[in-house]
Amino acid sequence: MSEQQTIAPSPAPVTPSAAMIRTLGIVASICGALIVSAYQITLEPVAANKKIALERAVFKVIPGAASVTEYLATPGGIQLGSDTVPAGAVKFYAAYDQAGALKGIAAEGAAKGYADVVRVLYAYSPEKQAITGVGVISMRETPGIGDKIYTDKNYLKNFEALDVRLSADLKSLANAVKVVKHGTKKNPWEIDAIAGATVTSKAVGRGINESAQKLLPLLVPHVDNVSRPSGRQSP
Amino acid sequence: MSLPGQAVPSLMEEFLEGIWKQNPVFVMVLGMCPTLAVTVSAMNAVSMGLATAFVLVTSCLLISLVRNIVPSEVRIATYILIIATFVTVVDYAIQAISLAMYDALGAFIQLIVVNCIILGRAEAHAAKNPPMKATINAVGMGIGFTIGLFALGSVREIFGAGKLFGISLFGPDFQPWVVMVLPPGGFFVLGGWLLLFNWLKSRTPPAPAGVKVSEGHAHV
């Protein structure tokens with residue numbers, strides 16, 4: 001040991017801590033400035049992109065719609081949508097045609113599928129008290145198998161008039177939306193699963209059921225509040 | 001990077017290094033995570049390649065600029081900070097350009113931070129060379145990586161979907177070979193390309209070729 005100590009080379013010059021802190025501080029400030037300016041520059045285009053993407057998704061499930069307004073359904077009534085969703089509230093989109101008449105309501109449902117969460121947007125018609133269409137927002141299911149949920153015509157027929165009537169006390173759905181084994185659909189609130197893509201088609205049904213159970217009891221009693229685009233509503 | 005006694009590479013050599021001799025995908029076999037995961041279509045592959053190339057070039061330039069003032073004790077922290085900054089910039093830029101693309105690339109944009117090509121270049125090249133050289137070398141590497149991803153993405157899209165850049169090639173009767181767009185397909189296609197590259201190199205007749213072949217296997 002003592003031998004090693006004697007032949008040990010003289011230590012390399014030590015960098016003072018102040019120099020390290022100074023360097024990191026300078027580099028971090030430059031980086032911070034870069035990030036903030038990138039955020040500021042892209043803020044508007046990103047928001048515009050998100051709006052377009054949302055409108056496209058809503059127009060797809062509600063044909064004939066021309067404008068979309070975001071709302072929150074809360075236990076205290078319906079408010080205009082904001083970025084933060086308070087606890088107990090459910091976000092939904094009201095779609096209007098050219099003349100400003102309500103064409104339908106769209107809301108999001110999500111449930112775990114085969115690979116990851118399947119997020120869908122469904123259209124609800126207050127007149128029919130039924131779901132009238134469904135579209136996929138995002139999913140990572142197996143290509144060629146899971147994507148049948150938006151290519152299989154027989155499966156999509158389930159969502160042309162899926163019964164989501166509320167029970168008499170308006171607290172929950174009269175009949176929970178249920179996915180049944182392929183070929184055994186009997187009631188208008190049941191969804192006929194796709195043979196070979198059962199997990200994904202069940203996820204769609206579960207997502208819709210969960211979301212509708214929460215949203216519709218809050219929305220239906222006040223649905224008249226959204227019958228016109230909010231901008232034109234007089235207080 | 002030149003050792004004492006070795007000829008200093010010209011700018012052209014610096015540029016071509018990443019495209020052919022040290023191609024990050026086919027020769028160094030680095031950055032396999034995005035290479036295998038996002039190359040399900042040619043468009044995704046090219047976007048991912050360009051995003052990575054942008055981060056590579058800008059961070060190598062900045063690292064090369066500050067290389068003389070950064071104490072070696074904190075150099076890795078500095079590099080990661082710089083790389084993460086440009087990844088964040090790219091992340092916002094892609095959101096502004098196309099949300100569909102952003103969703104398709106998913107977490108792999110953020111994961112550029114830990115792409116070993118970029119940190120490897122920063123440590124091995126940019127930290128030791130002047131800005132001009134570092135940038136040119138990084139541009140070459142970026143192009144090489146994009147070519148590598150495109151080679152995988154185009155083959156996988158053609159077989160797995162019958163399309164290239166979303167344009168149908170074989171008409172509606174084509175039955176897609178779905179396994180090609182699933183994870184195993186990524187390994188098959190990468191294996192095929194590596195086989196082809198190493199075969200091409202081993203065919204080169206002169207004696208020094210033998211050295212090159214072993215180089216190709218070094219990181220596999």
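A, B, ... follow the sequence lines: proteins, then strands. Residue 1 opens every chain.
Counting heavy-atom neighbours within 6.0 Å of A:Lys185 NZ, excluding the residue itself, gives a total above 12. More than 12 heavy atoms of other residues, nucleotides or ligands lie within 6.0 Å of CZ in B:Phe170, so this atom counts as buried by the packing criterion. Other residues, nucleotides and ligands contribute at most 12 non-hydrogen atoms within 6.0 Å of the OH atom of A:Tyr39. Residue B:Met132 places its CE atom among 12 or fewer non-hydrogen atoms of other residues, nucleotides or ligands, all under 6.0 Å distant. Under a cut-off of 6.0 angstrom, the local environment of NZ in A:Lys148 is crowded, with over 12 non-hydrogen atoms contributed by other residues, nucleotides or ligands. Atom CZ of B:Phe188 has 12 or fewer neighbouring heavy atoms from other residues, nucleotides or ligands inside a 6.0 Å radius.
Both the backbone and the side chain of B:Gln95 come within contact range of chain A, with heavy atoms under 4.5 Å apart. When heavy atoms are compared at a cutoff of 4.5 Å, B:Val178 approaches chain A solely by way of its side chain, counted from C-beta outward. If you measure heavy-atom distances from A:Ser138 to chain B, you find no contacts under 4.5 Å at all. Looking at B:Ser72, neither its backbone nor its side chain comes within 4.5 Å of chain A, counting heavy atoms on both sides. B:Leu182 touches chain A through its side chain: at least one heavy atom from C-beta onward sits under 4.5 Å away, while N, CA, C and O do not.
The distance from the OG1 atom of B:Thr78 to the CE atom of A:Met20 is 10.5 Å, given to the nearest 0.5 Å. Separation of atoms CG (A:Leu34) and CZ (B:Phe86) is listed at 5.0 Å; rounding is to 0.5 Å.
Using a 4.5 Å cut-off between non-hydrogen atoms, the part of residues 24-31 of chain A that approaches chain B consists of A:Leu24, A:Val27, A:Ala28, A:Cys31. Interface with chain B: from residues 45-65 of chain A, residues A:Pro45, A:Val46, A:Asn49, A:Lys50, A:Ala53 qualify, criterion being any non-hydrogen pair under 4.5 Å.
Top candidate by heavy-atom pairs under 4.5 Å with chain A, chosen from B:Val70, B:Val89, B:Leu81, is B:Leu81. Your options are B:Thr88, B:Asp91, B:Leu99, and the one with the most heavy-atom pairs under 4.5 Å with chain A is B:Leu99.
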